[in-house]
Amino acid sequence: MNGEIRKIEFQGPEFKGWLQLRFLVLREPLGLSYSEEDIAKEFDQFHFCFFREDKILGGLIIHPVEPESDGVFKMRQVAVDPDFQGQGIGTQLVLFCEDFVRGWGGTRLTLHSRIGARPFYEKLGYQSLGEPFVEVGLIHFLMEKEL
């Protein structure tokens, strides 16, 4: 799908729209919300969004794993507008961020995948590690990819 991926600033002009999309896709279906503390922790993380005609259709967050990450970054809050899922936006976002992480000297990306998203990440070369676990009431898998 045609569009543009851009880094947005924490609490910048596009941040509210990005937060609304994340709520719609990731939290509202579970009856959850974001606390101010949850959002405040994202101030030093990289927020990337997929735009089409200035509308945010998807996005994700990445950040170095601390402390002493040794080139390991974590991807989180991957969300695509339900009306545009299955059109390659998520794939474009993940591949873009893999390149971004490489550019920062990153060597590995990790993530917590919901059980339903696991095949998506496996197609992109991510592998499951360890046993499944429960996060926000759903089964997740720790996954990673060497870059």
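- Expressed to the nearest 0.5 Å, how far CG of Asp70 lies from OG1 of Thr107 amounts to 7.5 Å.
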*Verdict with reasoning, Arg22 to Glu42, per salt bridge (charged side-chain N to carboxylate O under 4.0 Å, His left out)*: CA-CA 13 Å; Arg22 289 165 46 193; Glu42 299 177 356; 2.5 Å; yes

*Mind running side chain to side chain contact (heavy atoms under 4.5 Å, CB included) on Ile39 and Leu19 for me, showing each step along the way?*
CA-CA 9 Å; Ile39 301 308; Leu19 193 56; 3.4 Å; yes

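- Other residues, nucleotides and ligands contribute more than 12 heavy atoms inside 6.0 Å of the CD atom of Gln11.
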*Could you go step by step and tell me if Lys41 and Glu37 meet the salt bridge (charged side-chain N to carboxylate O under 4.0 Å, His left out) rule?*
CA-CA 6 Å; Lys41 293 176 188 175; Glu37 294 83 22; over 6 Å; no

*Just do the side chain to side chain contact (heavy atoms under 4.5 Å, CB included) check on Phe141 and Leu129 with the steps written out, would you?*
CA-CA 7 Å; Phe141 293 87; Leu129 304 172; over 6 Å; no

_Chi angles and distances behind the salt bridge (charged side-chain N to carboxylate O under 4.0 Å, His left out) call for Lys55, Glu14_ = CA-CA 9 Å; Lys55 179 178 166 115; Glu14 297 128 335; over 6 Å; no

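- Counting heavy atoms of neighbouring residues, nucleotides and ligands inside a 6.0 Å radius, atom CG of Leu95 exceeds 12 of them.
- Glu53 CD: 12 or fewer foreign heavy atoms inside a 6.0 Å radius.
- Between Arg52 atom CZ and Leu57 atom CG the span is 6.5 Å, to the nearest 0.5 Å.
- Once rounded to the nearest 0.5 Å, the distance linking CZ of Phe133 with CG of Leu142 reads 6.0 Å.
- Checked against Arg76 for a side chain to side chain donor-acceptor pair (under 3.5 Å), the options His63, Gln45, His112 give a single hit: Gln45.
- Lys7 contributes atom NZ, which lies 8.5 Å from atom NE2 of His47 (distance to the nearest 0.5 angstrom).
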*side chain to side chain contact (heavy atoms under 4.5 Å, CB included) between Val25 and Val80: does it pass, once the steps are laid out?*
CA-CA 7 Å; Val25 174; Val80 174; over 6 Å; no

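- Judged by the 6.0 Å distance and 45° axis criteria, Arg6 is positioned over the aromatic ring of Phe51.
- The aromatic rings of Phe73 and Trp104 lie perpendicular to each other, with more than 60° between the two planes, well past the 30° mark.
- Using cut-offs of 30° and 60° for the angle between ring planes, the Phe48 and Phe46 rings count as parallel.
- Between the side chains of Tyr34 and Gln77, at least one donor-acceptor pair of N or O atoms lies under 3.5 Å.
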